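Below is one structure, written out as structure tokens; comments come after it.
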Amino acid sequence: MRKIDFHHLIDNAKFNRFHWMVLFWSALIIIFDGYDLVIYGVVLPLLMEKWNLTPLEAGTLGSYALFGMMFGALIFGTLSDKIGRKKAIIICIFLFSGFTFVTGFAETPLQFGILRFLAGLGIGGVMPNVVALMTEYSPKKIRSTLVTIMFSGYSVGGMLSAGLGIVLIPNFGWQSVFYVGLVPILLLPLIIKFLPDSVGFLVKQGRIDESVIILSKIDPTYIPQKGDDLEIGGEKIKGASVAKLFKHKRAASTIMFWVAFFCCLLMVYGLNSWLPKLMNKAGYELGSSLTFLLVLNFGAILGAVGGGWLGDKFNLKTVLISFFAVAAISLSLLGFKNSTLVLYILIAIAGATTIGTQILCYAYVAQYYPINIRSSGIGWASGIGRIGAILGPVLGGTLMSLNMPFEYNFVAFAVPGAIGALAVCFISVKHSHDKKTEFEKLQLAQLQTIVAEE
């Protein structure tokens with residue numbers, strides 16, 4: 001009987017057609033996930049006019065989906081470690097796609113808020129699972145790059161939302177952008193066919209035949225033999241538990257991850273919800289204001305892909321701290337009078353270092369936790385971080401209702417960037433188990449080498 005360390009096999013595989021397939025379907029899911037989320041910022045000015053909403057009411061209404069995302073991340077992040085990534089992703093697609101479509105038929109703010117909450121369950125639940133799946137199937141040398149490329153689909157979805165808003169809303173009304181949300185459900189048969197489940201989950205379920213087929217696609221040099229014993233570093237995979245996030249000297253780092261996610265998501269969702277309205281208030285027409293949202297998400301793509309490349313080449317933690325700091329600076333500068341060109345550049349940088357930072361946070365937390373608690377780790381960091389996401393639109397609405405000087409609105413969103421940078425500084429690159437697997441020993445040695453070099 002051969003003992004096969006499948007995690008080691010995946011880590012050292014060469015990027016091939018199988019990786020392309022996982023990257024494509026994962027990115028496509030995140031694109032629609034991002035579309036469904038950013039859509040509120042696109043229709044916000046029209047809803048405020050249609051339903052006579054105050055800025056504070058509008059901010060609160062925008063937080064309904066974010067409440068749903070918080071519960072979705074907590075529920076499905078942990079649940080998927082028990083039922084499998086694929087099943088959790090399918091359930092979440094049904095939720096966010098179906099309820100986004102139905103939101104187009106809402107006639108009152110209450111109906112709108114309830115439907116956005118239900119859609120938010122799926123939006124929040126799908127993120128940790130797709131990130132975990134992409135992380136598990138990525139070769140180690142390019143893991144951060146692949147995860148950030150995949151997650152940059154979030155920004156593509158945001159650009160798609162703003163772009164379709166510019167085209168569809170004047171001709172078909174605000175409801176039309178929600179009807180587009182039905183597309184992911186139509187693609188579900190293809191997603192079910194081509195998206196694989198986690199090898200770690202399949203092994204834990206005893207589905208060895210399915211596992212070896214996937215492994216032979218990941219690494220064509222691996223020829224399955226009858227009786228192959230699939231292991232991770234010689235230790236059988238154990239079940240997930242939220243309590244394990246705090247064991248083996250991970251407690252302080254787990255809390256710092258939560259703080260970093262909170263700060264980052266506050267900036268991201270505050271900007272995505274209020275940037276068009278802020279620019280509209282500054283004198284720009286609705287079409288021009290939505291263009292700023294396009295630039296914000298375009299910058300996010302550059303920041304995510306560039307940050308992932310830098311993280312693989314240098315040190316993901318250092319890159320993340322730098323991104324948080326630059327986010328704080330660029331947001332502060334947005335509040336002052338600038339030429340249109342400088343304004344676009346600052347917004348692009350803000351997108352790169354806020355939305356891009358969110359993507360890097362997911363990549364970092366996914367690499368920090370071992371496979372059996374990875375979705376739980378991502379899900380809880382994302383779920384607790386959603387409190388910041390909820391407060392982001394409310395904070396924007398509160399600032400708008402106070403009629404404070406224009407620059408104060410952006411400075412308020414810059415402060416979390418500085419706090420987030422400090423939180424990441426306190427995340428330990430060392431965590432040890434009482435009984436380390438060979439794989440974890442190798443990981444720890446590599447991390448210690450990086451620290452020594454710095």
Side-chain angles (χ1 to χ4, degrees), residues 3-13 73-74 76-85 88 127-141 143-144 146-147 197-205 211 214-215 218 229-258 260-261 311 316-317 361-384 427-451:
K3 290 188 176 182
I4 308 297
D5 180 351
F6 68 84
H7 210 151
H8 179 76
L9 185 149
I10 293 171
D11 279 351
N12 294 281
L74 295 175
F76 291 104
T78 303
L79 184 63
S80 71
D81 284 324
K82 298 178 180 179
I83 69 172
R85 315 270 191 255
M127 286 184 181
N129 286 295
V130 175
V131 173
L133 193 66
M134 191 72 244
T135 300
E136 289 170 26
Y137 280 124
S138 299
K140 187 173 181 62
K141 288 183 179 179
R143 182 164 294 154
S144 295
L146 291 183
V147 171
D197 210 333
S198 163
V199 169
F201 174 77
L202 295 175
V203 171
K204 188 171 69 174
Q205 294 290 306
S211 302
I214 292 175
L215 290 175
I218 294 172
D229 184 16
L230 302 183
E231 299 180 339
I232 175 169
E235 185 177 317
K236 296 292 184 181
I237 295 176
K238 298 177 181 179
S241 169
V242 175
K244 290 181 181 179
L245 301 178
F246 295 88
K247 293 183 177 179
H248 307 298
K249 300 181 180 180
R250 283 192 287 258
S253 294
T254 292
I255 293 172
M256 289 300 102
F257 271 123
W258 292 359
F261 268 73
L316 189 55
K317 177 179 177 178
C361 280
Y362 274 102
Y364 191 27
V365 75
Q367 294 179 30
Y368 180 82
Y369 293 107
I371 188 172
N372 60 314
I373 58 171
R374 182 166 293 145
S375 277
S376 296
I378 301 170
W380 275 83
S382 179
I384 298 299
I427 294 174
S428 173
V429 293
K430 302 177 185 178
H431 65 275
S432 59
H433 298 252
D434 294 331
K435 295 181 180 179
K436 299 181 185 71
T437 65
E438 289 302 313
F439 171 73
E440 288 168 326
K441 287 179 182 178
L442 177 62
Q443 266 193 327
L444 185 58
Q446 291 172 333
L447 289 170
Q448 288 171 332
T449 301
I450 292 172
V451 173

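The shown structure was predicted, so the numbers you read here are calculated from the model rather than taken from an experiment.
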Notebook entry, point to check: What distance separates Thr254 OG1 from Lys244 NZ, expressed to the nearest 0.5 Å?
Noted result: 13.5 Å
Margin query: Under the criterion side chain to side chain contact (heavy atoms under 4.5 Å, CB included), I'd like the reasoning laid out for Lys247 against Ile373: C-alpha separation, chi angles, the key distance, then a yes or no.
Written below: CA-CA 11 Å; Lys247 293 183 177 179; Ile373 58 171; over 6 Å; no
Next item on the list: For side chain to side chain contact (heavy atoms under 4.5 Å, CB included), just list the numbers for Phe261 and Ile384, CA-CA rounded to whole Å, side-chain angles, deciding distance to a tenth of an Å, and then say yes or no.
Entry: CA-CA 8 Å; Phe261 268 73; Ile384 298 299; over 6 Å; no
Next item on the list: Any chance you could measure Ile10, atom CD1, to Lys140, atom NZ, to the nearest 0.5 Å?
Entry: 12.5 Å
Note to self: Determine whether a donor-acceptor pair (N or O, by modelled atom type, separation under 3.5 Å) exists between the side chain of Arg143 and the backbone of Ser138.
What the structure shows: yes
Next item on the list: Quick one: pull up CZ in Phe246 and OG in Ser253 and give me the separation to the nearest 0.5 Å.
Entry: 11.0 Å
Note to self: Nearest 0.5 Å, please: how far is OH in Tyr137 from CG in Leu215?
What the structure shows: 7.5 Å
Checklist line | Which atom of Ile83 lies closest to which atom of Ala88, heavy atoms considered | finding: CD1-N, 4.1 Å
Next item on the list: Provide the closest heavy-atom pair for Leu245 versus Ser376 in the form atom of the first, atom of the second, distance.
Entry: CD1-O, 4.0 Å
Next item on the list: Name the orientation class of the two ring planes belonging to Tyr369 and Phe257 (parallel below 30°, tilted from 30 to 60°, perpendicular beyond 60°).
Entry: tilted
Next item on the list: Please report the closest heavy-atom contact between Val365 and Gly377, naming both atoms and the distance.
Entry: CG2-O, 4.2 Å
Item checked: Heavy-atom closest pair, residues Ile427 and Lys317 -> O-NZ, 2.6 Å
Notebook entry, point to check: Between atom CD of Glu136 and atom OG of Ser198, what is the distance when rounded to the nearest 0.5 Å?
Noted result: 3.5 Å
Next item on the list: Tell me yes or no: between the side chains of Tyr362 and Thr135, is some donor less than 3.5 Å from an acceptor?
Entry: no
Note to self: Using every non-hydrogen atom in the two residues, find where Leu133 and Asp197 come nearest and quote the distance to one decimal.
What the structure shows: CD1-C, 3.9 Å
Notebook entry, point to check: Which atom pair, heavy atoms only, marks the closest approach of Lys249 to Tyr368?
Noted result: O-OH, 4.4 Å
